[in-house]
Amino acid sequence: MTTHDAIAETLQKALGHQFADQGLLRQALTHRSAVSARQGKRAPRQAARVASAASNERLEFIGDRVLGLLMAEWLLEQFPDEPEGALGPRHASLVSRNALAPIAESIGVAGALHIAEHEEQAGIRGLANVQADAMEALLGALYLDGGLEPARRFVREKWKDLLTSQITPPKDPKTTLQEFVLARGYPLPDYETLSMEGPSHAPRFTIAVSAMGEKGEGVAGSKRQAESEAATVLLRRLNRGRKGTKDRK
């Protein structure tokens, strides 16, 4: 058994599903860069189409919908009396990259990914957005290979702690930061894009946010996520700094 075969076998045990179509599993673990590296002298447009079809991007597309459906179903069961306005933030939090990436890491997705050598050297294997995308692709592969039930079993096992820890509907960090500064009589937070680096399929955004005389920075694979991380950093800083001080009137 090769190293990759052993990794795939371990991953299937973690997923709780033995794939009838091993090709789906391989595709779910194939990063776009690994396909692009094999295209050689193909025309750029043709190479892009092939990379999209052979990589995990299409499975990620359906896996995102599978996770969304299964989570919506579960939330309706767990919170039968909550209105849509409360269920929405719960759902958004549970299907976010912040939820997906740690679960992907816990089952060893990063080590199973097929990535081009130049991207490997750039360190994208460990990026949260790359692992989260692969986790969505694996959910899509689970659904296509075995239907909703294996995907449902996996989601309910791995997301259980996240769901049960949501005593109240969560707020995203940007909303929380905005409410924090407005409640203290300060202007809205100001977000600034400091840089955007990396290839188009694996960008890295660095965003800064300023409020109440303080600043926080976040780095992520999407502008929205980087803004969220920057807001989280600034909230921690403001909460520490405001202890024992009076709010602005």
Side-chain angles (χ1 to χ4, degrees), residues 1-37 51-71 93-146 148-163 198-199 201-204 219-222 225 229:
M1 181 181 289
T2 66
T3 301
H4 274 300
D5 288 338
I7 292 173
E9 189 62 30
T10 299
L11 192 58
Q12 287 178 102
K13 290 178 181 176
L15 292 167
H17 179 76
Q18 191 71 28
F19 279 80
D21 183 354
Q22 291 288 312
L24 281 171
L25 179 60
R26 285 193 297 273
Q27 185 178 352
L29 297 171
T30 300
H31 187 262
R32 180 187 180 91
S33 65
V35 181
S36 299
S52 179
S55 72
N56 60 11
E57 290 182 341
R58 286 168 59 86
L59 289 176
E60 176 194 342
F61 171 80
I62 192 169
D64 174 67
R65 276 72 181 171
V66 169
L67 177 59
L69 171 62
L70 292 176
M71 199 57 68
S93 174
L94 291 165
V95 302
S96 69
R97 283 179 175 168
N98 285 341
L100 281 154
I103 291 170
E105 185 175 5
S106 73
I107 64 171
V109 168
L113 288 172
H114 299 276
I115 296 174
E117 183 178 352
H118 67 284
E119 294 287 21
E120 184 76 71
Q121 293 173 353
I124 73 164
R125 182 181 295 276
L127 292 180
N129 64 301
V130 171
Q131 294 192 54
D133 290 347
M135 189 68 256
E136 285 183 333
L138 284 166
L139 287 171
L142 272 176
Y143 166 70
L144 292 176
D145 195 68
L148 278 176
E149 191 50 40
R152 182 183 287 114
R153 284 197 304 268
F154 177 78
V155 167
R156 295 203 175 195
E157 176 190 351
K158 296 300 182 181
W159 268 260
K160 183 179 179 180
D161 289 344
L162 286 174
L163 185 139
H201 61 271
R204 286 175 64 84
V219 180
S222 72
Q225 185 60 34
E229 292 190 9

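Between Ile62 atom CD1 and Leu67 atom CG the span is 12.5 Å, to the nearest 0.5 Å. Interatomic distance, Ser55 OG to Glu60 CD, rounded to the nearest 0.5 Å: 8.5 Å. The line from CZ of Arg97 to CD of Glu136 is 7.5 Å long, rounded to the nearest 0.5 Å. From Glu229, atom CD reaches atom OG of Ser222 across 8.5 Å, with rounding to the nearest 0.5 Å.
Among all heavy-atom pairs drawn from Leu100 and Ala132, the shortest one is CB-CB, 3.7 Å. What you find for Ala28 and Leu59 is that their closest heavy atoms are N-CD1, 3.5 Å. Taking all atoms of both residues into account, the shortest heavy-atom contact from Ala99 to Ser93 is CB-O, 3.6 Å.
Listed by chain and residue number, Glu73, Glu149 satisfy the side chain to side chain donor-acceptor pair (under 3.5 Å) test with Arg152 (two or more places apart in sequence, or in another chain). Remark: Ala14 engages Ile107 in a side-chain contact (heavy atoms from CB on, under 4.5 Å) (not counting sequence neighbours). Residues passing the side chain to side chain donor-acceptor pair (under 3.5 Å) test with Glu120, sequence neighbours excluded: Arg125. Every residue meeting the side-chain contact (heavy atoms from CB on, under 4.5 Å) condition with Gln12, not counting sequence neighbours, appears here in chain and number order: Glu9, Gln18, Phe19, Gln22, Leu25. For Ala122, the side-chain contact (heavy atoms from CB on, under 4.5 Å) criterion is met by Glu119, Ile124, not counting sequence neighbours.
Inter-residue side-chain proximity for Ile103 and Gln131 is flagged as unmet; no heavy-atom pair is nearer than 4.5 Å. Between Leu29 and Ile7, the closest side-chain pair of non-hydrogen atoms is not below 4.5 Å. Counting heavy atoms from C-beta outward, Gln225 and Asn98 have side chains that approach closer than 4.5 Å. Inter-residue side-chain proximity for His31 and Asp133 is flagged as unmet; no heavy-atom pair is nearer than 4.5 Å.
In terms of modelled atom types and a separation under 3.5 Å, the side chain of Gln27 and the main chain of Asn56 share no donor-acceptor contact. Remark: side-chain polar atoms of Arg65 are paired, donor with acceptor, to backbone N or O of Phe61 under 3.5 angstrom.
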Mind listing the side-chain donor-acceptor pairs of residues 137-146 below 3.5 Å, one per line with the distance, residues two or more places apart or on another chain?
| unit_1 | atom_1 | unit_2 | atom_2 | d |
| --- | --- | --- | --- | --- |
| Asp145 | OD1 | Ala20 | N | 3.4 |
| Asp145 | OD1 | Asp21 | N | 2.9 |
| Asp145 | OD2 | His17 | NE2 | 2.7 |
| Asp145 | OD2 | Ala20 | N | 3.0 |

